[in-house]
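Read the numbers this way: they start at 1 and go in the same order the structure lists the ligands and their atoms. The analysis underlying the following values was restricted to heavy atoms, covering all of them including side chains, and did not include hydrogens, waters or symmetry mates.
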Amino acid sequence: MGTPKFSSFLVLLFVIILCCSWRAFSDGHNDFLECLSLHSNNYTSISDILYTRKSNNSSYLTILQSYIRNLRFTSPSTPKPLFIIRALQESQIQSVVYCAKENGLQIRTRSGGHDYEGLSYASEIPFVVIDLMNMSQISINLEKRTAWVQSGATVGELYYRIAEKSRTLGFPAGACPTVGVGGHFSGGGYGSLLRKYGLAADNIIDAHLVDVNGRILNRKSMGEDLFWAIRGGGGASFGVITAWKLQLVAVPEKVTIFSVNRNSEQNATQLIQRWQHVAPNLPEDIFVSVSIRRVNSSIHGEKKTIQATFNSLFLGEIDKLLTLMRQHFPELGIEGKDCSEVSWVQSTLFFGGFPNGVSSDVLLSRVPLTRLYFKAKSDYVQEPIPEYGLEGIWKLLYKDEADMAQLILSPYGGRMKEISKSALPFPHRAGNLYKIQHLVYWNTSGAAESERHINWIRRLYTYMAPYVSRFPRAAYVNYRDLDLGVNNKGNTSYAQASIWGFKYFKNNFNRLVRIKTMVDPANFFKNEQSIPPLMVDK
Ligand SMILES: Cc1cc2nc3c(=O)[nH]c(=O)nc-3n(C[C@H](O)[C@H](O)[C@H](O)COP(=O)(O)OP(=O)(O)OC[C@H]3O[C@@H](n4cnc5c(N)ncnc54)[C@H](O)[C@@H]3O)c2cc1C
Ligand SMILES: *[C@@H]1O[C@H](CO)[C@@H](O)[C@H](O)[C@H]1NC(C)=O
Ligand SMILES: *[C@@H]1O[C@H](CO)[C@@H](O)[C@H](O)[C@H]1NC(C)=O
Ligand SMILES: *[C@@H]1O[C@H](CO)[C@@H](O)[C@H](O)[C@H]1NC(C)=O
Ligand SMILES: *[C@@H]1O[C@H](CO)[C@@H](O)[C@H](O)[C@H]1NC(C)=O
Ligand SMILES: *[C@@H]1O[C@H](CO)[C@@H](O)[C@H](O)[C@H]1NC(C)=O
Ligand SMILES: *[C@@H]1O[C@H](CO)[C@@H](O)[C@H](O)[C@H]1NC(C)=O
Ligand SMILES: *[C@@H]1O[C@H](CO)[C@@H](O)[C@H](O)[C@H]1NC(C)=O
Ligand SMILES: *[C@@H]1O[C@H](CO)[C@@H](O)[C@H](O)[C@H]1NC(C)=O
């Protein structure tokens with residue numbers, strides 16, 4: 001009687017050994033696939049949307065690369081996901097979360113793929129990408145002036161769909177039309193309407209999120225803490241956001257735009273100096289940003305000069321703008337011929353960098369205007385930079401590495417200074433005159449080129465220190481910069497993370513940590529700069 005029992009014990013033991021060694025050698029690959037097949041009521045649909053590195057489905061690399069917006073991360077040495085799941089519905093995301101967790105795989109969620117450091121599609125730890133490019137529905141409720149937009153939609157698509165329904169509604173989000181709303185809104189999201197209406201995140205009224213337990217939550221079921229966290233705290237620490245509900249905003253039927261260049265010989269330095277005092281204090285209907293780069297002087301041939309481009313959106317007509325500019329910023333010398341009256345959606349084309357007169361259909365294209373190698377950083381300015389401080393920046397812009405470098409200065413004030421610093425995780429409100437984005441681009445591959453340019457922007461960043469915010473030196477999370485610090489692999493201590501955490505979120509970082517500890521205590525949703533949970537003693 002004992003023998004059959006013993007033999008079945010042996011069989012069981014054998015199965016366990018086999019099973020475990022197979023697990024050990026299978027790098028989670030087959031187990032993950034098996035799990036997906038078990039936890040999906042509809043395996044056919046999962047396999048239709050699954051791209052594996054191992055089998056190298058012909059589309060795997062194409063899909064991976066087509067949403068990489070920074071060429072730095074297209075190199076063969078960039079670590080690649082085991083699987084890409086191009087989700088079509090929330091239930092598939094639920095299965096992926098469950099099975100990734102079961103098999104010790106990390107998840108990276110990608111909406112538009114614009115992450116400055118590639119965190120939505122690259123990781124050193126074995127991982128899968130949930131790609132939301134195909135979840136991009138937009139539905140607009142004109143009566144209530146609201147919209148539901150899925151995370152994989154781009155801001156260009158959103159602007160287009162709003163304009164299709166109304167000429168007097170808009171939404172305050174970013175300038176680049178290919179940016180995905182999944183990452184963009186969860187990190188704040190700003191554009192030329194920010195002085196009037198604040199950030200994209202300030203105008204979100206509901207959301208859908210798949211949490212670490214695979215549940216689909218909305219604002220009510222996730223609660224106000226988590227809903228607060230995902231509007232500016234970065235989505236990647238908290239789950240997979242599948243859709244946002246937006247409060248649309250009023251825009252006039254006609255808005256006015258202008259773009260004028262002034263180089264060093266045309267008093268660019270003095271004008272920028274003056275701009276710092278003027279732009280943050282203009283009426284909230286006027287937005288005037290400046291981008292600065294060095295160019296070849298058209299007058300002096302090869303002689304280089306600094307060129308400041310003043311770009312403006314005014315929520316009103318030309319005459320009113322001219323009056324206001326003469327009153328507040330006569331030095332810039334804006335004239336009627338510099339200005340155009342256009343619809344709001346046309347103004348988004350202008351800020352998106354498209355040539356005059358192009359059809360708004362280009363907003364539906366997901367192919368970016370330019371794709372280059374780049375590295376960026378951000379700073380907040382609270383006191384105007386003196387002229388000698390600006391001159392030092394120009395010196396750096398004259399270096400060889402800076403031939404495609406740019407500084408973009410975006411004025412705050414207006415609505416931005418009225419919203420409380422703790423209303424959302426995004427803390428950069430009253431007290432900031434403007435934000436600078438420092439950018440350096442290059443167009444050739446290779447580690448040496450990369451290092452040369454990255455070193456340049458680090459030098460610029462060091463140079464800027466005395467002129468920008470301090471304690472902490474603040475930064476914008478959507479301009480992610482891993483130089484500010486990273487979580488150690490696996491070990492995300494509060495002390496480590498608070499170095500970059502306070503720069504992005506100031507004191508809101510502590511609330512983000514508390515919420516993370518509540519909703520994802522085991523730190524499943526993590527990356528190099530994700531919010532750490534507090535270690536709970538077990
Ligand atoms: C050319 C260019 C122009 C830009 N212009 C502006 C601008 O005008 N204004 C501005 O504010 N910012 C701008 N940005 C920055 C942009 O807002 C951020 O890079 C933003 O995070 C990109 O969102 P994404 O969905 O395209 O990126 P992704 O790379 O897909 O995601 C970025 C981060 O968010 C996470 N994430 C993405 N989707 C989800 C989701 N559904 N759920 C949970 N987590 C998610 C990712 O895992 C990653 O950590 C620009 C960036 C570029 C490259
Ligand atoms: C399974 O997936 C297909 C294709 O996506 C879809 O048409 C079908 O409705 C799904 N069936 C179920 C039961 O979910
Ligand atoms: C990719 O390969 C896997 C097998 O490894 C298969 O299940 C899946 O259907 C393939 N996907 C596509 C889109 O061909
Ligand atoms: C996958 O296929 C692409 C093109 O078909 C090829 O360039 C690449 O090296 C392959 N990758 C692997 C891991 O086999
Ligand atoms: C997903 O999007 C791509 C690119 O727009 C498109 O070619 C493809 O047909 C879409 N797939 C599904 C299943 O919707
Ligand atoms: C530059 O400023 C000086 C002194 O304020 C002024 O005289 C001159 O006309 C300005 N030049 C231009 C091109 O505006
Ligand atoms: C500027 O001039 C240099 C030297 O003649 C040239 O190599 C470069 O291409 C020029 N750049 C631009 C943007 O015209
Ligand atoms: C790279 O940029 C330089 C400087 O702008 C330009 O002269 C050159 O043609 C570019 N090269 C490529 C391959 O695009
Ligand atoms: C994680 O932290 C523990 C304890 O502090 C330490 O022993 C270990 O080396 C750390 N691991 C990594 C990868 O940093």
Y159-F351 aromatic ring centre distance below 6.0 Å: no
State yes or no: are the ring centers of F310 and F258 separated by less than 6.0 Å? no
- Is the Lys NZ or Arg CZ of R231 less than 6.0 Å from the centre of F227's six-membered ring, within 45° of the axis? yes
Check whether NZ of the Lys or CZ of the Arg R511 lies under 6.0 Å from the centre of the six-membered ring of F509 and within 45 degrees of that ring's axis.
no
From the candidates [options], the one that places a heavy atom nearest [atom]:
atom	options	answer
atom 25 (O) of ligand 1	G112, A201, S530	G112
atom 43 (C) of ligand 1	S186, G182, G239	G239
atom 3 (C) of ligand 1	C176, G352, G191	C176

Take every heavy atom of [X], measure it against each atom of ligand 1, and state whether any distance is under 4.0 Å.
X	result
G113	yes
Y476	yes
G189	yes
A200	no
R69	no

Those residues at least two apart in sequence (or on a different chain) that pass side chain to side chain contact (heavy atoms under 4.5 Å, CB included) with T309 are S259, N261, S291, Q307, N311
Review point. Without hydrogens or angle criteria, can the side chains of D403 and Y441 be said to hold a donor-acceptor pair below 3.5 Å?
Key: no
Would you say the side chains of S410 and Q437 form a donor-acceptor pair under 3.5 Å? no
Going by the 4.0 angstrom heavy-atom rule, the piece of R480 near ligand 1 is side chain
Give a yes or no on whether [atom] lies under 4.0 Å from any heavy atom of the protein.
atom	result
atom 5 (O) of ligand 6	no
atom 2 (O) of ligand 6	yes
atom 11 (N) of ligand 5	yes

Nearest heavy-atom contact between G198 and M416 is CA-SD, 3.8 Å
A475 and L484 have their tightest heavy-atom pair at CB-CD1, 3.7 Å
Under 4.0 Å from one or more heavy atoms of M133, ligand 5 contributes atoms 2 (O), 3 (C), 4 (C)
Check whether any N or O atom of R86, backbone or side chain, sits under 3.5 Å from an N or O atom of ligand 5, and answer yes or no. no
- Query: Short N/O distance, under 3.5 Å, between V181 and ligand 1?
  - Reply: no
- Does an N or O anywhere in Y479 fall below 3.5 Å from an N or O of ligand 1? no
The answer for which part of I49 has a heavy atom under 4.0 Å from ligand 5 is neither
* Asked: What do you reckon, does E265 have a nitrogen or oxygen under 3.5 Å from a nitrogen or oxygen of ligand 6?
  -> no
Original post:
In terms of ring plane angle, is the pair Y434 and W275 parallel, tilted or perpendicular, where the classes change at 30° and 60°?
Top reply: perpendicular
Would you call E117 and K375 a salt bridge, using N to O less than 4.0 angstrom?
yes
Ranked by distance from atom 8 (C) of ligand 5, the top protein heavy atom is N134 ND2, 3.8 Å
